[in-house]
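Along the sequence shown, residues carry numbers from 1.
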Amino acid sequence: MVNVARAQSVYPLEYNIFVTTYIYPSEGGKEWTFDGEVNITVSSDVENTREVILHQHRLGIKSATMRLLRGGNGTEQEVGDSLISDDALSSDNDKQTITFKLRSPIQHEPRGTKYNLRISYFGNISDDMRGFYRSIYVENGREMRLAATRFKDRYARRFIPCFDYPENKANFTLKVRHNVNMSIESNMKKVGSSERDGDFRITTFEKSPPMSTYMLALVVHQLRGKYQAIDDKASSMEMWIICRSSLENHMNDALSNAFEAVRIYFEKFQYSYRKMVNKLNIIAIPDLAADGASAQPGLTIIREELLTNAPEKTTFIQKYKSSVTTAHEMSHIWFGDILSVERWNYLWMNEGFATFFQYSKAGEMYQEVEFVVGEMNRAMEFDMRSDTHSLTQTGDNGDIPKFDDVITYAKGAAVLRMISHHMGQNNFTRALRGYIVARALLTVSPVDIRIRFSNWTSNVNDFSNIFYSFTLYAGVPIVSVRMTPARDRAYVSQKNSANNMSNYTIPLTFVTKLEHSFSNTETRTILPHSSNAKIRVRPILNEWIIFNVKRVGYYRVNYDPASWRLIFEGLKRPFHDEIHVINRIQIIDDAMALAQAGELEYSLAFQMLDYLGDEVEYGPWTTALKALRFLYTRIPERNKNVIKKFILKRTEKVYKHLGFYPRDRDYEMDRYQREELLLWLCFLGQHSCVIDARNEFSKFSKGKYLEIPVDIRLPVMCVGIRHRYRHTFNEVWNLYVNENIETEKQNLLRALACTNLNGTMRMFYNNLFFANSVRKHIRVEMFLYSLTQNEKTADHAWNFLMNYHTRLSNETVDGYKDVAIMIGAVAQLFQTQKQLTELESFIGSYGKDFGNHIKILEESEKKLKRLLEWDEKNIKEILDVIEYYNKNGSLKTAKNCLLFQIFIIVIFTLTIY
């Protein structure tokens with residue numbers, strides 16, 4: 001972890017930057033480098049300041065001066081001698097800083113005294129997709145180059161010496177000298193026409209509003225653009241999407257999605273982006289690390305496959321992901337640009353809001369289901385891990401990596417969603433608008449949310465306790481519900497999955513067959529962090545009660561066995577007894593997660609899974625398949641047919657409902673679900689799925705590859721490659737190399753990951769990491785995907801990593817960190833003590849090469865030990881339960897359930913009374 005120093009005594013007011021870029025060898029300087037000069041207007045409020053500390057990383061400093069500024073109203077002039085002597089510069093590579101010792105102290109009186117810090121420097125345009133980095137692509141047979149920036153979270157220091165903390169806001173004026181044949185984009189509009197300088201142009205941009213350093217953006221390129229006019233009811237504006245010329249006709253949907261997202265957000269937030277920026281441009285580039293998108297004021301940079309909609313080469317899932325990504329990045333205009341976090345420790349306030357609102361464009365039901373499946377379930381799964389963390393953290397502002405993860409995005413959004421339902425949507429919207437107006441163009445902290453939002457709640461103390469408990473504590477609350485024998489009262493308690501303590505103040509909701517409805521998510525009662533609750537309900541002796549209506553609360557629910565069984569019986573009734581689809585998702589996710597954590601017997605959890613034979617909806621099945629995949633990976637190879645039989649029996653109805661081929665009448669969620677289900681069923685060898693896929697694959701053999709419907713092309717190609725020979729693998733690889741549309745390239749690469757022959761599996765991994773045709777940012781993702789598509793993959797992947805781990809550190813974006821992540825993913829598939837020993841031996845022999853990332857390897861070792869212990873404790877029980885269902889079908893004997901319920905009531909009575 002980088003030890004990042006914090007500079008407090010001197011702060012920036014304005015940056016004036018002049019940069020010359022050298023991208024091609026013919027430009028006069030060394031290719032892929034740049035020269036720069038920055039003039040930083042600084043001031044200080046601290047007496048007797050004798051040094052100035054800035055961030056810089058991988059820059060060469062040529063010279064530096066610092067002089068007093070006199071004058072005002074933009075006419076300041078340097079006066080006097082430089083306060084920096086020639087030998088007064090020192091660097092600290094660990095802290096990524098430079099320190100300038102001063103001949104005499106900076107004046108802090110009169111208040112607002114200014115100085116100009118002028119630094120000349122040079123740097124490299126890097127190849128690791130951080131800072132100012134390079135990208136190469138082929139267009140019409142020609143190699144093309146571009147350079148782009150990604151400064152979030154701490155990489156502006158690779159472009160300019162600066163005060164690289166989010167709270168250090170300043171104005172930026174950028175001037176760039178660049179190849180005359182290249183175009184240039186930044187946050188602001190260009191000032192007049194570019195000035196010609198031989199084979200270069202000098203382009204100057206307008207002064208920006210106050211921004212953090214990570215918001216500065218620059219792209220030097222040879223792309224083209226298209227635009228759409230926007231009217232925000234305050235003033236009109238043009239939105240541009242800039243992309244490769246061959247993709248120009250495939251960007252219409254992305255432009256419309258961005259346009260619609262901005263319109264929705266403006267209407268909801270009632271604050272114009274014009275108060276921050278005077279343009280909205282999106283630029284599509286081939287290479288961008290992290291999640292593939294980076295939003296800055298006036299210029300959003302997104303990886304091109306996340307914007308592309310090419311007929312017959314972009315699936316519904318890819319289109320949906322594009323829509324959500326665009327909506328997420330557009331929301332950063334408000335949450336990230338207009339409101340920016342004071343410290344990286346509060347990053348969830350940017351990403352949580354953006355994730356929460358990214359579903360706004362979808363229909364209400366689709367939005368809610370996809371949010372629960374895509375964000376809530378994911379957040380809770382991560383938050384029950386031993387390496388989880390709280391949303392708001394204390395500690396060094398430079399300690400970024402653990403902040404930028406599932407907790408920051410998904411849990412942040414889930415907690416905000418819970419708050420919105422607790423407050424009521426109208427009050428939440430009013431509070432949100434007030435929050436934006438009050439803190440616009442300033443920095444924000446959690447205190448600002450607590451103050452602005454609590455004003456719109458009926459109980460300020462309850463809101464504050466809810467807000468702080470869910471942002472300051474790690475782990476998922478597990479709410480325990482125990483019904484009295486008469487089932488007219490519920491005894492409710494809680495514990496935190498992270499520490500078994502009662503940390504949370506929880507807004508509880510519930511619904512019964514006789515009371516309330518699934519459409520009402522109003523808080524029924526508050527469960528305090530330090531005590532239990534007793535809730536009266538209308539007597540429901542033989543009917544279910546379900547807590548956490550539509551899963552609006554960020555907590556899991558565990559019931560007494562009788563209450564669980566009544567819920568399961570309800571699920572098996574016609575129309576699932578009108579239990580809402582989101583609560584069916586919740587029931588599946590909670591039951592399987594609690595069983596995995598040892599909080600619920602698997603015999604009970606499988607009673608719930610038995611109902612899936614009558615379930616056809618996307619959300620419940622996606623949730624169930626994820627849980628069943630985990631069990632599938634843990635069950636030994638010799639017993640896998642047992643769980644295969646269980647799954648294939650219960651997927652008969654949903655497979656019949658969806659069918660193999662797309663239909664015009666398909667709902668959106670059916671289209672989303674079909675690809676995932678077909679991949680899984682064909683992987684398990686479901687006869688009809690495999691036969692249909694082989695028949696469809698024959699089109700590939702006949703040279704009619706594009707006649708395979710795009711939304712089922714991946715499952716079809718996966719089956720074809722899995723069941724064919726080496727020449728088929730080579731043919732598909734050649735298709736991949738020659739394909740120009742990135743959405744199609746990625747699906748071809750996923751199909752190649754399905755190969756199960758020893759020789760082609762080795763070829764896949766060699767091609768993935770060592771072929772120039774596979775971009776670095778996608779390599780780890782595709783490696784992890786391959787682990788889900790082949791039962792033989794673990795051994796081959798492990799051997800590949802063992803043979804090439806050193807070389808791989810140079811072939812991935814994050815070097816040894818990525819290698820450690822891949823090793824950890826393979827290790828989670830291990831099932832024997834011998835494999836654990838191999839992992840321990842590797843860490844002992846090579847762990848030192850990984851530096852700080854050895855922690856990832858050590859955590860993987862701990863996880864594997866826990867998994868092997870879990871296997872020893874649970875696998876036999878799970879296999880016995882599955883064998884029972886395979887032999888006897890559904891457990892539908894109501895008499896057995898009733899007898900068990902009576903037994904539980906007797907035990908409960910003895911316990912309570």
Side-chain angles (χ1 to χ4, degrees), residues 152 185-189 206 208-209 211 215 217 219 225-243 250-284 291-304 306-309 319-340 349-364 366-367 370-371 409 413 416 428-429 432-433 435-437 439-441:
K152 179 189 172 187
E185 298 296 327
S186 188
N187 307 85
M188 307 304 291
K189 286 185 176 180
E206 295 175 356
S208 77
M211 304 191 308
M215 296 182 186
V219 182
K226 63 192 313 178
Y227 73 91
Q228 182 165 349
I230 298 176
D231 184 357
D232 67 357
K233 299 180 182 178
S235 57
S236 61
M237 179 181 293
E238 291 179 350
M239 174 183 284
W240 287 80
I241 281 191
I242 301 161
C243 62
H250 303 315
M251 293 287 160
N252 293 323
D253 284 356
L255 189 58
S256 297
N257 289 336
F259 178 93
E260 181 67 5
V262 171
R263 184 192 64 78
I264 290 172
Y265 294 149
F266 173 73
E267 290 181 359
K268 189 171 191 67
F269 307 145
Q270 292 293 297
Y271 191 93
S272 175
Y273 45 82
R274 287 299 299 263
K275 297 178 181 179
M276 177 72 184
V277 292
N278 55 14
K279 70 182 185 74
L280 290 176
N281 285 358
I282 299 171
I283 188 163
D291 55 2
S294 177
Q296 295 79 213
L299 184 62
T300 297
I301 305 171
I302 301 180
R303 219 162 47 217
E304 63 182 35
L306 296 173
L307 295 171
T308 303
N309 182 4
K319 294 172 188 175
Y320 177 75
K321 186 176 181 181
S322 171
S323 176
V324 169
T325 299
T326 304
H328 182 100
E329 298 309 318
M330 292 301 99
S331 72
H332 275 311
I333 296 171
W334 286 268
F335 306 104
D337 296 347
I338 293 171
L339 304 173
S340 56
M349 294 173 60
N350 285 358
E351 300 300 347
F353 272 111
T355 303
F356 178 54
F357 285 113
Q358 72 187 24
Y359 297 95
S360 298
K361 187 173 178 291
E364 183 177 355
Y366 194 28
Q367 166 192 345
E370 188 54 35
F371 183 91
Y409 287 72
L416 290 169
F428 181 78
T429 299
L432 184 64
R433 290 173 180 173
Y435 167 62
I436 293 173
V437 169
R439 301 301 300 173
L441 307 184

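Scanning for side chain to side chain contact (heavy atoms under 4.5 Å, CB included) contacts around Ala284 gives Cys243, Met251, Glu304, Leu307, with sequence neighbours left out. With sequence neighbours left out, Ala413 forms a side chain to side chain contact (heavy atoms under 4.5 Å, CB included) with Thr355, Phe356, Phe371. With sequence neighbours excluded, no residue satisfies salt bridge (charged side-chain N to carboxylate O under 4.0 Å, His left out) with Glu185. Legend: residues meeting side-chain hydrogen bond (donor to acceptor under 3.5 Å, both in side chains) with Ser331, ordered by chain and number and at least two apart, are absent. The salt bridge (charged side-chain N to carboxylate O under 4.0 Å, His left out) search around Glu351 returns Lys152, not counting sequence neighbours. Evaluation of the side-chain hydrogen bond (donor to acceptor under 3.5 Å, both in side chains) rule for Gln270 yields no partner, not counting sequence neighbours. Residues forming a ring-ring contact (aromatic ring centres under 6.0 Å, His included) with Tyr271 (at least two apart in sequence, or on another chain): none. Qualifying side-chain hydrogen bond (donor to acceptor under 3.5 Å, both in side chains) partners for Thr308, counting only residues two or more places apart in sequence or in other chains: none. Every side chain to side chain contact (heavy atoms under 4.5 Å, CB included) that Ser340 has, sequence neighbours left out, goes to Lys169, Ser212, Tyr214, Met215, Thr443.
Across every non-hydrogen atom of Phe335 and Met349, the tightest pair is CB-O, 4.3 Å. Annotation for Ala217 and Asn187: closest pair N-OD1, 3.0 Å, computed over non-hydrogen atoms.
Lys321 NZ: 12 or fewer foreign heavy atoms inside a 6.0 Å radius.
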